Q: 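Before anything else, here's the structure in question.
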Amino acid sequence: MSAADEIFIRMCKDILENGTSTEGEKVRPRWEDGTSAYTIKQFGVVNRYDLSKEFPAITLRRTPIKSAVDELLWIWQKKSDNVNDFDGHIWDAWADENGSIGKAYGYQMGVKHKYKEGMMDQVDRVIYDLKNNPYSRRILTNIYVHQDLSEMNLYPCAYSMTFNVTKPKDGDKLVLNTILNQRSQDILAANAWNVAQYAALTHMMAQCCDMQVGQFVHVIADAHIYDRHVPVIKELIQREAYPAPKFVMNPDIKDFYKFTKDDFAFEDYKYGPPVDKIPVAI
């Protein structure tokens, strides 16, 4: 099995066996029929993936890398808050009549801030520092902006990305490591998706800044499985798993803003059957 499968299975078993239930408590999420959406949760899950060895794609079911990257580019490259700017529909439930999700995600990435080097948004600042000041311990993004929360249709779940560069003991090419911080994650609906897209982002930034990839660490404050997802998860983690696919990214792209979803693919990807019609709590 892939390393990502092993981590996913271990995490799910830990949540199911050792997690705590929110059943009977006052909770915000609701199912489409209006009933409360309870969870089994585990606090402070930390998963570490070595990107230098393999790409973290689970094989228990398929992770659509092009779609995952498309959403990532919508936030980080297009810096958009409008669902009409990418091909997916996962944000439709939080969009208004014009397609806007408010001052969330891509909007925050596009806000320019004053630095001594000039006005830059958070993405351009990351790229600038990786190229000009790679050993800085201040290379990060943060889109959980309290003053704008009232104008967000959904508070950011994946809210912070930290970039840290190390020098290998042998070789001259610097190593890019990253940490993704999430306040909350729906494990069935989002875990494999988020892991793949932020691992891909690490690869993109490394290639654009002439580095090699290293560690990707995923920190989840509230890792939860919804009550109606429990039987699906139990079946999923019992499936046969396969070796990790080969991650392919267009090697000719050196400008982050030139990437498209079609520059990414998996090769030799063997995976289990789909999990259809996952109920989503909103």
Side-chain angles (χ1 to χ4, degrees), residues 43-52 56 69 71-81 103-149 151-152 155-169 171-185 194-223 249 253-259:
F43 169 71
V45 170
V46 180
N47 293 326
R48 182 181 293 267
Y49 306 88
D50 189 344
L51 302 186
S52 69
V69 167
E71 187 203 22
L72 189 282
L73 293 178
W74 174 61
I75 298 168
W76 281 72
Q77 188 192 77
K78 296 179 182 178
K79 302 163 191 174
S80 173
D81 62 358
K103 292 184 175 181
Y105 287 90
Y107 172 89
Q108 296 296 336
M109 287 300 193
V111 174
K112 293 186 182 298
H113 302 274
K114 184 178 180 180
Y115 302 95
K116 64 180 181 180
E117 295 85 1
M119 298 294 293
M120 281 183 275
D121 62 39
Q122 295 190 60
V123 179
D124 288 337
R125 180 69 197 192
V126 165
I127 296 170
Y128 176 88
D129 278 339
L130 289 177
K131 290 182 176 181
N132 296 282
N133 191 23
Y135 291 117
S136 172
R137 297 187 293 269
R138 302 174 178 179
I139 309 176
L140 58 88
T141 61
N142 178 25
I143 59 174
Y144 204 91
V145 180
H146 285 260
Q147 69 188 36
D148 290 336
L149 291 179
E151 297 182 69
M152 298 181 188
Y155 292 3
C157 296
Y159 66 90
S160 176
M161 189 75 164
T162 302
F163 299 81
N164 189 274
V165 176
T166 55
K167 187 175 183 179
K169 294 181 180 179
D172 296 326
K173 208 164 194 178
L174 297 179
V175 176
L176 179 61
N177 309 285
T178 57
I179 299 174
L180 173 64
N181 276 289
Q182 288 199 241
R183 62 168 179 84
S184 169
Q185 187 174 74
N194 287 151
V195 169
Q197 62 188 176
Y198 283 92
L201 176 65
T202 305
H203 275 273
M204 282 185 260
M205 289 296 187
Q207 180 166 295
C208 292
C209 299
D210 194 27
M211 298 179 185
Q212 56 186 328
V213 293
Q215 301 288 317
F216 168 54
V217 178
H218 189 192
V219 181
I220 312 168
D222 190 304
M249 182 175 68
I253 307 296
K254 306 300 181 184
D255 179 347
F256 178 74
Y257 293 100
K258 298 297 184 183
F259 280 113

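Since we're looking at a predicted model, the values are computed, not measured.
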Q: Tell me, please, which residues at least two apart from D210 pass salt bridge (charged side-chain N to carboxylate O under 4.0 Å, His left out).
A: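 Here the qualifying residues are K173.
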Q: Can you name the residues that form a side chain to side chain donor-acceptor pair (under 3.5 Å) with S184, not counting sequence neighbours?
A: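 Side chain to side chain donor-acceptor pair (under 3.5 Å) list for S184, sorted by chain: empty.
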Q: Can you sort out the partners of F163 under ring-ring contact (aromatic ring centres under 6.0 Å, His included), two or more places apart, ordered by chain and number?
A: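 Per chain and number, F163 pairs via ring-ring contact (aromatic ring centres under 6.0 Å, His included) with no residue.
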Q: Under the criterion side-chain contact (heavy atoms from CB on, under 4.5 Å), I'd like the reasoning laid out for Y107 against V145: C-alpha separation, chi angles, the key distance, then a yes or no.
A: CA-CA 11 Å; Y107 172 89; V145 180; over 6 Å; no
Q: What residues, two or more places apart in sequence or in another chain, satisfy ring-ring contact (aromatic ring centres under 6.0 Å, His included) together with Y49?
A: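 By the ring-ring contact (aromatic ring centres under 6.0 Å, His included) rule, Y49 matches F216.
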Q: Please examine the side chains of K79 and D124, heavy atoms only from C-beta on, and report whether any two atoms are closer than 4.5 Å.
A: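 Touching, per the 4.5 Å side-chain cut-off.
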Q: Do Q108 and P156 make a side-chain contact, defined as non-hydrogen atoms from C-beta onward lying under 4.5 Å apart?
A: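 Counting from C-beta outward, Q108 and P156 never come under 4.5 Å.
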Q: To the nearest 0.5 Å, what is the distance between CG on N177 and CD on Q212?
A: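 Taking CG in N177 and CD in Q212, the distance rounds to 9.5 Å.
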Q: What pair of heavy atoms forms the shortest contact from I143 to A158, and how long is it?
A: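 Distance-wise, the nearest heavy atoms are CD1-O, 3.7 Å.
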Q: For the residue pair Q185 and I220, what are the closest heavy atoms and their distance?
A: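 Result for this residue pair: OE1-CD1, 3.4 Å.
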Q: For K254, I'd like to know if atom NZ has over 12 heavy atoms of other residues, nucleotides or ligands within 6.0 Å.
A: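 Yes - once you tally the heavy atoms of other residues, nucleotides and ligands closer than 6.0 Å, there are more than 12.
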Q: Could you tell me whether the side chain of L174 reaches within less than 4.5 Å of the side chain of L176, counting heavy atoms only?
A: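 No, too far: nothing below the 4.5 Å cut-off.
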Q: Restricting to pairs with a member in residues 131-144, which pass salt bridge (charged side-chain N to carboxylate O under 4.0 Å, His left out), not counting sequence neighbours?
A: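 Passing the test, one end in residues 131-144: no pairs.
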Q: Can you name the ring-ring contact (aromatic ring centres under 6.0 Å, His included) partners of F259, sequence neighbours left out?
A: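 F259 satisfies ring-ring contact (aromatic ring centres under 6.0 Å, His included) with F264 once adjacent residues are dropped.
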Q: Minimum heavy-atom separation for V213 and S52, please, with both atom names.
A: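 Closest approach of V213 to S52, heavy atoms only: O-CB, 3.7 Å.
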Q: Name the residue from N132, N133, V126, I127 that meets the side-chain contact (heavy atoms from CB on, under 4.5 Å) definition with L130.
A: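 The passing option is V126.
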Q: Take atom CZ in F43; do more than 12 heavy atoms of anything else shown fall under 6.0 Å from it?
A: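 12 or below, so no.
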Q: Does the side chain of M109 reach to within under 4.5 Å of the side chain of D121, using non-hydrogen atoms?
A: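 No. Closest side-chain heavy atoms not under 4.5 Å.
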Q: Can you tell if the side chain of H218 reaches within under 4.5 Å of the side chain of P56, non-hydrogen atoms only?
A: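 No, side chains not in contact.
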Q: Nearest 0.5 Å, what's the OH-CG distance between Y135 and N164?
A: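 CG of N164 is found 10.5 Å from OH of Y135.
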Q: Heavy atoms, side chains only, cut-off 4.5 Å: are D50 and Q215 in contact?
A: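 In contact.
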Q: Residues two or more places apart in sequence or in another chain: which of them pass side chain to side chain donor-acceptor pair (under 3.5 Å) with Y155?
A: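 Applying side chain to side chain donor-acceptor pair (under 3.5 Å) to Y155 gives none.
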Q: To the closest 0.5 Å, what do you measure between CZ (R125) and CE (M120)?
A: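 The distance works out to 4.5 Å.
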Q: Could you give the distance from CZ (F256) to CH2 (W76), rounded to the nearest 0.5 Å?
A: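 If I round to the nearest 0.5 Å, the distance is 7.0 Å.
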Q: Tell me, please, which residues at least two apart from N142 pass side chain to side chain donor-acceptor pair (under 3.5 Å).
A: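 With sequence neighbours excluded, N142 shows a side chain to side chain donor-acceptor pair (under 3.5 Å) to no residue whatsoever.
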Q: By ring-ring contact (aromatic ring centres under 6.0 Å, His included), which residues pair with H146, not counting sequence neighbours?
A: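 With neighbours one apart ignored, the set is Y144.
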Q: Can you tell me how far apart CG (L180) and SG (C157) are? Round to the nearest 0.5 Å.
A: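 Those atoms lie 10.5 Å apart.
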Q: D172: what forms a side chain to side chain contact (heavy atoms under 4.5 Å, CB included) with it, not counting sequence neighbours?
A: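 Testing D172 for side chain to side chain contact (heavy atoms under 4.5 Å, CB included), a comparison that skips the adjacent residues, returns none.
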Q: Please output the side-chain donor-acceptor pairs of residues 196-207 that fall under 3.5 Å, not counting sequence neighbours, one pair per line with the distance.
A:
| residue | atom | partner | partner atom | Å |
| --- | --- | --- | --- | --- |
| Q197 | OE1 | N194 | ND2 | 2.8 |
| Q197 | NE2 | A68 | O | 2.8 |
| Q197 | NE2 | E71 | OE1 | 3.0 |
| T202 | OG1 | T178 | OG1 | 2.9 |
| T202 | OG1 | Y198 | O | 2.9 |
| Q207 | NE2 | N250 | O | 2.8 |
| Q207 | NE2 | I253 | O | 2.7 |

Q: Please name all residues satisfying side chain to side chain contact (heavy atoms under 4.5 Å, CB included) with N181, sequence neighbours left out, ordered by chain then number.
A: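 Checked N181 against side chain to side chain contact (heavy atoms under 4.5 Å, CB included); matches are Y159, S160, I179, V219.
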